[in-house]
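We name chains A, B, ... by the order of the sequence lines, and we start the count at 1 in each one.
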Number of protein chains: 2
Amino acid sequence: MRLPTVEDVARTARVSRQTVSNVINTPARVKPATLLRVQAAIRELDYRPNQSARRLRQQKSATIGIRLDPQLNGISGAVLDRFLHSLTEQATERGLRVLLFTAATPTEEIDQIRALRDGADVDAFVLTATFDHDPRPEWLIEQKIPFVTFGRPWGIDDLNDPQHRWVDVDGRRGVYAATLSLLDAGAERVAWIGWPPPTATGDDRRSGWEDAMRERLGLGDAELASLCTEVVDDVAEATNAVANVLAGAVLPDGMVCASDTLALGALIAASTAGRRDIPIIGFDDTPVAAALGISSVEQRLDQVAAGALALLLGPVGDSVVASGALDVAHRLIEPALVLRRPQDLPMFNPSRIDGTAAADKH
Amino acid sequence: MRLPTVEDVARTARVSRQTVSNVINTPARVKPATLLRVQAAIRELDYRPNQSARRLRQQKSATIGIRLDPQLNGISGAVLDRFLHSLTEQATERGLRVLLFTAATPTEEIDQIRALRDGADVDAFVLTATFDHDPRPEWLIEQKIPFVTFGRPWGIDDLNDPQHRWVDVDGRRGVYAATLSLLDAGAERVAWIGWPPPTATGDDRRSGWEDAMRERLGLGDAELASLCTEVVDDVAEATNAVANVLAGAVLPDGMVCASDTLALGALIAASTAGRRDIPIIGFDDTPVAAALGISSVEQRLDQVAAGALALLLGPVGDSVVASGALDVAHRLIEPALVLRRPQDLPMFNPSRIDGTAAADKH
DNA sequence: ACCTAGAATTTGAACGATCAAATTTCTGAC
DNA sequence: GTCAGAAATTTGATCGTTCAAATTCTAGGT
């Protein structure tokens, strides 16, 4: 059977098409009595506006597009997926749809975006994984296509370009807080296990550790360098590297890592070296960290998603994508420190197998 | 500036609207010379059909909907995300879009589906995480909404209902193969570390182990039971449970687990007990397993996604969702056994830290 | 040269909503 | 009771495409 249209509702409620439309879109314009009558008719017929027709007329889709990376990027790969979850949830609440697409290269992504945009499928885009000299933002600005990036623009000047709206997690502050927490607990030689520079996010995170160590302990460059280990993001490599550190002359009494992958490697190395007492803090708060009781810095992706939508729609939450002129074109989200106690895990204290860590489950 | 329409292309190529439409949708109907002329015009104007208009006219959206679970389900949580990746990729190749939505309960999901369907936003749905007495398939069949589930219907009779199209991974066969591989390598007392029944997938997986042990070793129920450990899906709990097993009278010489989470627990327990020689195989081939070198059974999610789309669209790959009457309404995908050598990992051989496991990276 | 079947193309209408402008109804002041 | 102005409602046009039917063109047989 045919689905009901405005026409059907109008006939049932004895009003015109347009009044039905007004009831749905601008109820304030309709006299209360009429409003009720039309709403009753809508319920009676179980009417739902046809979105395609609405979009055709309005030249809007109320849909945001986001690219889903094909790459399966190890332990931390789920971060973008978690972001996607939050984004979808909050977009749905705001009456927006989320459309996925894939692309292998930035160029291909641009093609896809153009196709989706010209086809009137998508109003605005969320970009993830920004990188140095990313061509995408510039192109989008040129085309006047609304967008927001998860990740700040790493090319130098653009940080405050109001045309480039972005949300990011303040990795520096997260690592800063993590380092301070170890120093507060009495540590004096907190090591940094990071990635080989230059990596935009990696360098940013390390600066948090550097700042904390400088401020609290007054360390200089040489001392910092001696506490800093650089290794690619791989468990085995990290294990190897940290094992070397632990076999060296200056033993760290705490380790802050650029990722949970590195933290896991550090944990294995420390455990192997019989130094299960050294506190370790990772980054991303992945399921692995949770499962193993590793402390970590959590990116608050729900806040990132909320910020992204707010920048796209305006903070109020209009259900239509507007080119809202906002005071601030970006948001820097403060991450949360999640402290766990790996030393309570059976892996390290065989004598105390009691399932304590299970309490961490939610 | 206004985007070009069929009208503009028609004028440029000196043909009618409909011919332009034919060039795009049924090129076979157009004389070669005209075809070329129109295609040139399309390129010249950089014309792209407006999807909203097309959808309005055709009453089709070429979009499939899938619900994104809000739950963050531990180490194996990424499985559905990986499926989503594959699905998006292959859907894009077939000219389909993937639209996300969220819902907290099955009832809410049904509401969302209805809204998306009535709004002509989505043609067909992919359901994940089917469960016992799932109300969704029945409702969708009633409403004649095309759908396919990832996960077979666990209510008894429906397995062969041609109206319910489904794709699933043959967990039984995966575990069967895993068990055989250990037996082939000389093991004789392969233990099963699984979840407490009844869990549909868990019981299915265990049956693979049972079958292999029965066939190869002629074991009876009692012997099987003595090799079977049941524990909830948590690393610490699993560690605890497996530690007890290893402290018992009958030592297993191999372990097959219902999940990577359990496998990780088993690995920790074995390591702690000094039994790093016992081979362990998990399930899901999560990033964790890859990072730690744990062998596992991989769900081939690209094949699952391909199967799901094939069932929805017909195997040929028409770009329009058809109610294709297929010979088979379901696909059971055979998983792949991924063998790694955890005994080579530094965690277990401190003397051989050489990064061998890094070779596992792709 | 004529006719015809089929191929190729065009025309008018429709999909279901909203916009912009026109019309009717209501309200309150004089 | 009249009238201006606001409020409420209706009307006609339109968004860009494809469907269905009508028309024109082409090739082949007689």
Shorter than 3.5 Å, N or O on both sides, protein versus nucleotides 19-26 of chain C: list them out with atom names.
| from | atom 1 | to | atom 2 | distance (Å) |
| --- | --- | --- | --- | --- |
| C/dC19 | N4 | A/Gln18 | OE1 | 2.6 |

List the atom pairs, with distances to 0.1 Å, where a side-chain N or O of residues 111-118 of chain B and a protein N or O form a donor-acceptor pair under 3.5 Å, not counting sequence neighbours.
| from | atom 1 | to | atom 2 | distance (Å) |
| --- | --- | --- | --- | --- |
| B/Asp111 | OD1 | B/Arg114 | NH2 | 3.4 |
| B/Gln112 | NE2 | B/Thr102 | O | 3.3 |
| B/Arg117 | NH1 | B/Asp123 | O | 3.4 |
| B/Asp118 | OD2 | A/Arg48 | NE | 2.9 |

Rounded to whole Å, CZ of A/Arg55 lies from P of D/dG16 at a distance of 15 Å

Examine distances only and state if a side-chain atom of B/Arg165 and a backbone atom of B/Val148 form a donor-acceptor pair shorter than 3.5 Å.
-> no

If you pin A/Arg37 and B/Val20 to their nearest nucleotides in DNA chain D, which one's is more 5'?
-> A/Arg37

How long is the line joining CG of A/Asp118 and P of D/dG16, in whole Å?
-> 12 Å

Backbone N or O of B/Val30 within a donor-acceptor pair of the B/Asn22 side chain at under 3.5 Å?
-> no

Nearest whole angstrom, please: distance from the C1' of D/dT17 to the CG of B/Asn22.
-> 12 Å

Atom CG of A/Leu56 and atom P of C/dC15: how far apart are they, to the nearest Å?
-> 14 Å

Should the pair A/Asp121-B/Arg54 be classified as a salt bridge under the 4.0 Å nitrogen-to-oxygen rule?
-> no

OP1, OP2 of C/dT9 versus side-chain N and O of B/Thr34: anything below 4.0 Å?
-> yes

Taking side chain as C-beta onward, heavy atoms only, is A/Gln90 less than 4.5 Å from A/Asp302?
-> yes

Rounding to a whole Å, what distance do you find between B/Ile24:CD1 and D/dT18:C1'?
-> 11 Å

Round to a whole Å and report the spacing from CZ of B/Arg14 to P of C/dT10.
-> 12 Å

Figure out the CZ/C1' separation between B/Arg29 and C/dA8, and round it to whole Å.
-> 10 Å

Tested for side chain to side chain contact (heavy atoms under 4.5 Å, CB included) against A/Val20, the lone hit among A/Asn25, A/Val15, A/Thr12, A/Asp8 is A/Val15

According to the interplanar angle, ranging from 0 to 90°, do the rings of A/Phe83 and A/Phe150 count as parallel (below 30°), tilted (30 to 60°) or perpendicular (above 60°)?
-> tilted

Using a cut-off of strictly less than 4.0 Å, decide whether B/Thr19 has a side-chain nitrogen or oxygen near OP1 or OP2 of C/dA8.
-> no

Starting at atom CD of A/Gln51, determine the distance to atom P of C/dT18, rounded to an integer number of angstrom.
-> 9 Å

Contact class for B/Thr5 vs. all strands (heavy atom < 4.0 Å): base, sugar-phosphate, or nothing?
-> sugar-phosphate

